[in-house]
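Lettering of chains follows the sequences in order, A, B, ..., and the numbering in each one begins at 1.
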Protein chains: 2
Amino acid sequence: MQLDETDRSILRILQSDARTPFSEIAREIEMSSATVHDRVGRLEDEGIIEGYHTSVDARAVGFGTSAVVGLRIEQGQEDDAVERLREIDGVQEIHLTTGEWDVVLRVYAEDTDHLRELMFDNIARIDGFSRSQTMVILGSELEDRSLPI
Amino acid sequence: MQLDETDRSILRILQSDARTPFSEIAREIEMSSATVHDRVGRLEDEGIIEGYHTSVDARAVGFGTSAVVGLRIEQGQEDDAVERLREIDGVQEIHLTTGEWDVVLRVYAEDTDHLRELMFDNIARIDGFSRSQTMVILGSELEDRSLPI
DNA sequence: AGTGAAAGGTTAGACCA
DNA sequence: TGGTCTAACCTTTCACT
């Protein structure tokens, strides 16, 4: 599906603030709010808008530790391994990649003890697992996530 | 600051749908919408709510390629390097890490050509850069980002 | 595909327990 | 803190273009 400049403007605004009222978007892009309403509905229906999320300070809710984890999985066992990984609380992203690792995860843990538990008791025990590398995040300089639409 | 169960419930609901009307949150947690309004305002003021974002299908807006990039930066040059990285369009996350890499990036590009350009013309030319590894994301099995509050 | 208008719902702010 | 009230504002639908 082809996006026009109006769709892109709406996406740009919603990306930076998902709670922007349609009436305000309408003002900014100089269209009626009924139009904005229709377009947003269409973008949702077509799956171009995947969802509206609130980013919460991980530390404030008890997740002070985060890591990027690279995993090697034996050939043919990737699908099963991904299923196991999905079930682990704290595993927030699972990416299948080329290069040194087959799977790259983003993991949130309460503290380093909890992270160790996740790694040794949950992740390292997965069938097909052969080796891993944990890169503890000391700080995030950018965690923007908005696309340059 | 200490979060009580009401705050956590509000965060849980907003995390899964940032556009949920306060009146509906109020119904779900059995409080008045004025209370929800006050609490959300406080959570925003205290920085516990960091923002409301819309996730947009990257492919639909022309970013079909994504990668995780590990970088080695010579000691003492990390801060300058991070500043340069920030300025690069397509670099969506910058994490300082322990382990094999000093910096881990999440990068979005239009296609593999664009990714190569980002890597060779932008990232590899940064002062202090010593080596990198690019893990192209073939698919994301989970890209949840919501915390188990 | 876009609009204006109107009904109904939501929010912000002042004030009370 | 939490609640009530209210005016201003926002969303949604629909007939019309």
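Pairs of residues two or more places apart, or lying in two chains, that qualify as salt bridge (Lys or Arg N to Asp or Glu O under 4.0 Å) and include a residue from residues 128-141 of chain B are A:R86-B:E141.
If you check residues 26-49 of chain A against DNA chain C, the residues with a heavy atom closer than 4.0 Å are A:M31, A:S32, A:A34, A:T35, A:R39, listed by number. Only A:R19, listed by number, bring a heavy atom of residues 2-24 of chain A to less than 4.0 angstrom from any atom of DNA chain C.
Axis deviation across the helix from C:dA1-D:dT17 to C:dA17-D:dT1 amounts to 30°, comparing end segments of five pairs, rounded to 10 degrees.
Looking at residues two or more places apart in sequence or on another chain, you find a salt bridge (charged side-chain N to carboxylate O under 4.0 Å, His left out) between B:D121 and B:R125. B:E5 pairs by the salt bridge (charged side-chain N to carboxylate O under 4.0 Å, His left out) definition with B:R12, not counting sequence neighbours. Partners of A:R72 by salt bridge (charged side-chain N to carboxylate O under 4.0 Å, His left out), not counting sequence neighbours, listed by chain and number: A:D102. B:E117 is linked by a side chain to side chain donor-acceptor pair (under 3.5 Å) to nothing, counting only residues two or more places apart in sequence or in another chain. Residues that satisfy the side chain to side chain contact (heavy atoms under 4.5 Å, CB included) test with A:E143, not counting sequence neighbours, are A:R106, A:Y108, A:S140, A:R145, B:H95. Under the rule for a side chain to side chain donor-acceptor pair (under 3.5 Å), the partners of B:D4 that lie at least two apart in sequence or sit in another chain are B:R39.
In plain terms, the two heavy atoms of A:L85 and A:V91 that are nearest each other are O-CB, 3.8 Å. Pairing each heavy atom of A:Q77 with each of A:G128, the nearest pair is OE1-CA, 3.4 Å. Here the closest non-hydrogen pair linking B:V103 and B:I73 is CG2-CG1, 4.0 Å. What you find for B:D89 and A:P148 is that their closest heavy atoms are OD2-CB, 3.5 Å.
Extent of DNA chain C lying under 4.0 Å from chain A heavy atoms, first and last nucleotide in 5' to 3' order, is C:dA1 to C:dT11. Protein chain A contacts DNA chain D over a range whose 5' and 3' limits, counting nucleotides with an atom under 4.0 angstrom from a non-hydrogen atom, are D:dC10 to D:dT13.
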Evaluate the side chain to side chain contact (heavy atoms under 4.5 Å, CB included) criterion for residues B:R19 and A:L14: first the C-alpha distance (whole Å), next the side-chain angles of each, then the deciding distance (0.1 Å), finally the verdict.
CA-CA 11 Å; B:R19 287 190 73 93; A:L14 285 176; 3.6 Å; yes
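The local environment of CZ in B:R59 is sparse, with at most 12 non-hydrogen atoms from other residues, nucleotides or ligands closer than 6.0 Å.
Atom-to-atom distance recorded for B:E28:CD and B:I13:CD1 is 4.0 Å, nearest 0.5 angstrom. Between A:R8 atom CZ and A:I48 atom CD1 the span is 10.0 Å, to the nearest 0.5 Å.
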